[in-house]
Amino acid sequence: MRLGLTDDQLAIKEVFAGFFGKESTPAVVRAAEPGGFDPKLWRRVCETGAPGMGVAEDAGGGGASLGDLAVVAEEFGRSIAPIPLIDHQVAARVLARFGGARTDVTDGETLASFALRPAVNGSWWLVPGGSVAGLTIGLDGDELVAVESAPPAAAPRNHAAQPLADRSTAGARTVLASGDAAHAAFDRALNEWKTLTAATLVGIGAQALHMALDYVQSRIQFGKPIGAFQAVQQSLADLPIAIDGGRLLAHKAAWAGDNEAAGVDGHLDIDDNDNSNFAVLAGMAFVFNADGAAHATDRSLHFHGGYGFAEEYDIQLFYRRARGWALVYDDPARECGRLADTMFGPRESVR
Amino acid sequence: MRLGLTDDQLAIKEVFAGFFGKESTPAVVRAAEPGGFDPKLWRRVCETGAPGMGVAEDAGGGGASLGDLAVVAEEFGRSIAPIPLIDHQVAARVLARFGGARTDVTDGETLASFALRPAVNGSWWLVPGGSVAGLTIGLDGDELVAVESAPPAAAPRNHAAQPLADRSTAGARTVLASGDAAHAAFDRALNEWKTLTAATLVGIGAQALHMALDYVQSRIQFGKPIGAFQAVQQSLADLPIAIDGGRLLAHKAAWAGDNEAAGVDGHLDIDDNDNSNFAVLAGMAFVFNADGAAHATDRSLHFHGGYGFAEEYDIQLFYRRARGWALVYDDPARECGRLADTMFGPRESVR
Amino acid sequence: MDFELPPHVIEFRNTVKRIIRDVVTPEMIDEMHTSGTFTNHTLNRALAKEGLLERAVPGMGMGDPLELWVLFNELEKAGAPYDGISTSIMVAGVVQQVGTDEQKQAMIPTVVSGEALVCMGYSEPDYGSDVASIVTRAVRDGDEFVINGAKMWTTMAHEAKWLILLTRTDTEVPKHKGLTMFLLSMDTPGITVEPVHTMGTERTNATFYDNVRVPVSAVLGEINGGWRTMAVALAFERGVMGGTNVAVPMLRHFRKWAAKHIGDDGVALIDDTLVRERLARIAIDNEVAKLLTQRSAWIAASGGLPGLEGSMTKVFASEAYQKAVRWCQQMAGPAGLLQFHEPNAAADGWIEYDSRHSPVTTIYGGTSEINRNNIAERHLGLPKAR
Amino acid sequence: MDFELPPHVIEFRNTVKRIIRDVVTPEMIDEMHTSGTFTNHTLNRALAKEGLLERAVPGMGMGDPLELWVLFNELEKAGAPYDGISTSIMVAGVVQQVGTDEQKQAMIPTVVSGEALVCMGYSEPDYGSDVASIVTRAVRDGDEFVINGAKMWTTMAHEAKWLILLTRTDTEVPKHKGLTMFLLSMDTPGITVEPVHTMGTERTNATFYDNVRVPVSAVLGEINGGWRTMAVALAFERGVMGGTNVAVPMLRHFRKWAAKHIGDDGVALIDDTLVRERLARIAIDNEVAKLLTQRSAWIAASGGLPGLEGSMTKVFASEAYQKAVRWCQQMAGPAGLLQFHEPNAAADGWIEYDSRHSPVTTIYGGTSEINRNNIAERHLGLPKAR
């Protein structure tokens, strides 16, 4: 048992904290609005190997575990970098898993995205990264496919300035898997996406807390820093709890995902609070951190007072991404319903 | 428009505040546990005319409006009196409405109760006041009936020490109404019960706040009354808001109920926040005050510290009744579902 | 316990509703969101033309005092651009109460005709919640005052004809006692306006005062009585001039959209059990927010000063709105992220807009913490804790 | 990122589970609720017999430090009576660390054999959160101390053989520096125990000390070093000895009942959409509470002192539990009001019990407010605010 990071992971954390801290400043984030994509930053991140680091080594990637990717994701979230890194990493891993690893994707030269919802009427709705990706991985009926096609010119204007787009299933189409295997692969990839998104949201929440602490210690009202008032303190004291709890949960999901990939099946006994099931932990991590990041950014913005609402302050950038980067998948309440199906069994008494 | 009490209502309030304050002290409440009924207090309340005050004058009652009864209910709630007053008042009104007014019920000599749920297999489940009432009014299939039978010896032990019991539909049985009229009468009575229970819960919440204020101003820690700490103040400041809002809502429901009884139908336009519909306001008042009283008693108990948890302190009596007196009807979340059916229409796209 | 408006107020309300129906078009609302300036000259003039603004000004005695609440409640529920006239009418009420005849004659007719707007300079970059500590100086120079300083959140300054400006005129006395309020024209030389854009699209301003010279007759109220003049303004506002029912249009927008938004399973979103529970709770809170506001209006109309009641309403309504927005955006899922004019946007983009607008509502006009302090100290009688 | 227990700790856990399965009967749990005394001699001896108590004592070096957490987590999840041994083992750890050889030899074997319990006298009627201000006096008299005063919430005092008692020995120094802790037998003349009954059924006590004479050798730690001795106790406890997973048995009880509770519409309660969402959220919070507790155990086992982590876990777990209880009682409807042994009671009465038990969990062992103060000051680095 070791709940913290390994030495390798600590090194990864340091590298990416440095990279994103330097390359994805709030000015960079702001400049990339509303489209939500900075091609130069993408090129720079490709130099770090991050886009393909989760691809197996024998497929030409970095061989990083999901746990390692979660460490990167938190730093990515902390800087709300305007690149669809998580989506690309998940897509690249799916490709490699089905023998379709492509150097251009592993290198990040071709940007890939992962459709979070099965296609309806030949279209994947609001694919994150979809406005910039040349390759879309998604479920189309009973097939898991990779479709190569030119991305649209622009993303619809959206809350978090994400590079979203609806993408067609038409194009140069490769079938990666069919039938049950396709559905299983889609589920696996979606669980990876939820896990890494959860870690990203931990980073957003942690950074929002950091910004709040800076502000409340320097803003003086009534002759004191506002952070000296219990009204502020009691509310901020909840944030590190949710952040730490959310990080542990995201890490446990990643650990369970790595175990599952290694053929070690998880265990699920909710009655005994004993749970190492990847799908359940990924869903839990998504729900808990979607709420946690929304709350942390809400409180941080609030304690910035009027300035928190001003466009020129940075906290509003985080506030919007805490919401957008989670809800692009779904309502956490509906995810709870799906978790209940796994944890408590299907609704047998209802037709 | 007059949102406060009329002069008559102010007089009613004063009388019953005095009565319950004197007759239903915490010692009286405590002595009546676990059965939850003090026969002496019931006899005393009969002397005030409260049991039949909501019965029309021409039926031998006090001719009080639902609004007047809500004023009494709040004072009743403030003292958590161990008598099923609301249940009796509602039952007595139903009887009178169908020409079945009985002097012994109007006087309170025979205790009547109202079954909140239609009978299933010849039994009404957990009727409030059921362990002491000689007459049960309830819906049995398509009939609204009054059943005379001896109450059971004891109530099941329950959270709020309420005089609950399952009651059989067998006994000396009078049919008050049949078919649609029975269902409409049941709905009307249930809405009256929700409204008066809401007012009762306002009283419980208001008294819990009062007790919290007494305690936090006299309890010294760290050299100050604990009520001088913002951590305590910020939390307590929410309570009067919920209490005042809940009272306005309960009063509006009562007003709408009196209008409905006078043949003035309510209006319902949720899109315009324009609502004078009795059923909707009664349900809203129930939900809002069930939550409000639960929260107020929770905070009050909490700020009493360890003493709040001690049996010998009074706040735990209020904490349990705030829950029991509401949940004896149902989960507020399910009531929200029923409200949605009225406010937004039935679920047409679901079979 | 009578919750029905008197007949003449119902008639007033019907007039407001009619004007809204006739004048407030989707294009007008759209323009307000595009420009970030939440006022509209056509609407203001239409209301003025039928005498509604005049009737709403507190203390003018032209209409029932309840009409102030009814006017802004209807405008708010309609999602109409009313920020400009709400401030203007409130200040007109202050001028009516404490202004000189000269000030009344100069200013009030321009406001009630719907022609002129007023902006307020209270907060400063370093003083928000602690407004009594502001440092913008007004120094007496013969028959004039010379004003220097900077103000923050001077919303409508770029549209307004009038400005009320809180200044420090005495530094030697306790901070509340050295403040003076001025009423001046925005044309006065030395005033600069710089836009401040917000995440909610709404534009506000920073304003700068560089040797602004005004005659002594520009003092509104007493010299060194600025705190009192501000209190009058607050007493008029008392939470009945909009801002406490903003979740009503949101629920309406969401409901209409959810009724026609059919999921992949063929079930309309409005028929989803988890959605219905949350919408019902929003409707309950909307009713309570309305009742609390109505109470303030009733107390004011009965001659009372509903100051703390206004604080209570504001805390409740703004926090309930934020909860409702969070729920609606979550229930909408990805569609709740799409902005105005994007296909498939939840409620035509309103949900996304509300999510950007809602954070400010627990900040401006007194943060929830400041309001709770006031409630704890002045309503609950707890010891001062700051 | 490795969340799996080491094999020898899994084996330890399996032993605990086996003993629980064999020894903890419904009758035992029932007796605990009837008596209000949350300890059971049979269980304590069964755990002792297999050496589990000895292995769990912090600092004894008999087992993996993780075992302390595992032992109490399993007991808590089973709803077993463990309050008596958790305090006892914690104090045994304190004695092991700061006690004299004489104290260790006298006290530790009686605890790890499951024979003797320990109670703690910290709080007083007038000093709860502000425990540093306690006034129970211990006055030196030759080779003895004479103790006079009163303690509150001395749980298990009526069952315990041992007592650790916080006293004031110096009134001339800052309040934290004049405290001394004693370890004494409950047989010592002059101690009176009076029961205090609680809404949660659990019995606690008020204890009174009337010229209680103890030798100087009864001092636990240093004279005037009582604050430090208490800190050692707190560091051992660190939230890993139960109290942070109490919603686990509640969810299990509710789930089992909801699966067989069929509504009038033929739908099982567990299949109700509104129920499922809430149960899922409870399960998520249970997992997080477990992980936060596991983190404290891991930090402690790695040689760290997870003080603030324990505060964070306690705030989260107790408030999540209260939310879960409220939900479960509401979801159960009227059945959630019925107590143990009543027909149709939700989850055989557990929901009603949890509703009475839960309020104390944000009070004892440091209120949520005190814990948040600590987190704000010591973890977030904000200025002292009390």
Side-chain angles (χ1 to χ4, degrees), chain A residues 1-6 9 65 67 70 209 213 216-217 224-225 227-230 232-234 236-242 244-246 248-249 251-252 254-256 258 270-273 275-276 280-281 283-284 287-288 333-341 343-350, chain D residues 1-6 9 66 73 77 245 248 251-252 255-256 258-259 262 266-268 270-271 273 275-281 283-292 294-295 298-299 301-302 309 312-313 315-316 368-369 371-377 379-386:
Chain A
M1 190 171 106
R2 179 189 171 118
L3 301 195
L5 304 185
T6 62
Q9 287 172 338
S65 67
L209 171 58
L213 292 173
V216 303
Q217 284 174 308
K224 293 197 236 182
F229 291 101
Q230 280 192 345
V232 175
Q233 292 193 354
Q234 293 275 313
L236 286 180
D238 282 335
L239 273 41
I241 306 177
D244 286 6
L248 285 162
L249 188 52
H251 285 185
K252 188 172 178 183
W255 165 79
D258 285 326
I270 292 298
D271 282 350
D272 197 35
N273 203 29
N275 171 15
S276 48
V280 171
L281 287 164
M284 285 181 161
V287 171
F288 190 83
R334 273 192 291 270
E335 180 72 0
C336 284
R338 288 185 285 262
L339 279 169
D341 292 345
M343 295 192 295
F344 310 121
R347 303 172 67 208
E348 284 181 355
S349 67
V350 182
Chain D
M1 289 183 204
D2 176 7
F3 292 77
E4 188 63 274
L5 296 175
V9 179
L66 289 171
N73 190 239
K77 289 191 297 185
N245 250 179
V248 171
L251 177 60
R252 180 176 68 242
R255 184 198 69 73
K256 289 184 176 176
I262 311 294
V267 176
I270 189 98
D271 289 344
T273 304
V275 169
R276 291 169 84 77
E277 185 214 347
R278 284 177 279 184
L279 294 186
R281 290 193 190 270
I284 294 172
D285 285 348
N286 283 349
E287 178 67 38
V288 171
K290 176 202 179 141
L291 287 170
L292 288 168
Q294 189 174 357
R295 174 176 68 163
W298 174 68
I299 291 174
S302 314
E309 288 82 358
M312 289 163 71
T313 307
V315 169
F316 178 83
S368 290
E369 287 74 20
N371 277 310
R372 285 199 174 87
N373 277 344
N374 289 340
I375 295 164
E377 289 170 16
H379 184 64
L380 300 181
L382 294 172
K384 199 161 166 58
R386 90 181 112 97

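Keep in mind the model is a prediction, meaning the values are calculated, not measured. Quick note on labels: first sequence line is chain A, next is B, and so on, each numbered from 1.
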**Asked** Non-hydrogen atoms of chain D under 4.5 Å away: do they reach the side chain of A:Q234, the backbone, both or neither?
**Response** both
**Request:** Side chain from CB out, backbone as N, CA, C, O: work out which of these in D:R255 comes under 4.5 Å of a heavy atom of chain A, or both, or neither.
**Result:** side chain
**Request:** Go through D:N286 and D:L251 one step at a time and tell me if the side chain to side chain contact (heavy atoms under 4.5 Å, CB included) criterion holds.
**Result:** CA-CA 9 Å; D:N286 283 349; D:L251 177 60; 3.7 Å; yes
**Asked** How long is the gap from CD1 on D:I284 to CE on A:M284, to the nearest 0.5 Å?
**Response** 5.5 Å
**Item:** Note: A:K252-D:E287 ion pair, threshold 4.0 Å (strictly below)
**Value:** yes
**Request:** Under 4.5 Å, counting heavy-atom pairs only, tell me which of A:A254, A:G245, A:S65, A:A242 racks up the most with chain D.
**Result:** A:G245
**Item:** Polar side chain donor-acceptor pair, A:N273 to D:N245, under 3.5 angstrom
**Value:** yes
**Asked** Among A:D258, A:D244, A:D341, A:L339, which residue forms the greatest number of heavy-atom pairs with chain D at distances under 4.5 Å?
**Response** A:D244
**Message:** Less than 4.5 Å to any heavy atom of chain D: does that hold for the side chain of A:E335, its backbone, both, or neither?
**Reply:** neither
**Request:** Enter the distance from D:F316:CZ to A:I241:CD1 here, rounded to the nearest 0.5 Å.
**Result:** 8.5 Å
**Message:** Checking A:V287 against D:R281 for the side chain to side chain contact (heavy atoms under 4.5 Å, CB included) test, could you report, in this order, the C-alpha distance in whole Å, the side-chain angles of both residues, the deciding distance, and whether it holds?
**Reply:** CA-CA 9 Å; A:V287 171; D:R281 290 193 190 270; 3.8 Å; yes
**Request:** Decide yes or no for A:M1 and A:L3: does some side-chain heavy atom of the first lie under 4.5 Å from some side-chain heavy atom of the second?
**Result:** yes
**Request:** Against chain D, label A:L209 side chain, backbone, both or neither, depending on which of its atoms sit under 4.5 Å from a heavy atom there.
**Result:** side chain
**Message:** At a 4.5 Å cut-off on heavy atoms, which part of D:D285 comes close to chain A: side chain, backbone, both, or neither?
**Reply:** side chain
**Complete:** Of the listed D:Q294, D:R278, D:E309, the one with the largest count of heavy-atom pairs under 4.5 Å with chain A is D:Q294
**Prompt:** Should D:L279 and D:I270 be marked as a side chain to side chain contact (heavy atoms under 4.5 Å, CB included) after you check the CA-CA gap, both sets of side-chain angles, and the distance that decides it?
**Reply:** CA-CA 9 Å; D:L279 294 186; D:I270 189 98; 3.8 Å; yes
**Item:** Winner by heavy-atom pair count (cut-off under 4.5 Å) against chain D, out of A:L281, A:L248, A:V232
**Value:** A:L248
**Atom pair CZ (A:R338) and CE (A:M343), whose distance is rounded to the nearest 0.5 Å** = 12.5 Å
**Top of A:L236, A:L239, A:D238 for chain D proximity - count of heavy-atom pairs under 4.5 angstrom** = A:D238
**Complete:** Looking only at D:L66, D:L291, D:I375, D:V275, most heavy-atom pairs under 4.5 Å shared with chain A are made by D:L291
**Request:** Check whether D:S302 gets within reach of chain A through its side chain, its backbone, both or neither, counting any heavy atom under 4.5 Å.
**Result:** neither
**Fill in**
Answer key: most heavy-atom pairs under 4.5 Å with chain A among D:K77, D:E4, D:R252, D:M1 is D:M1
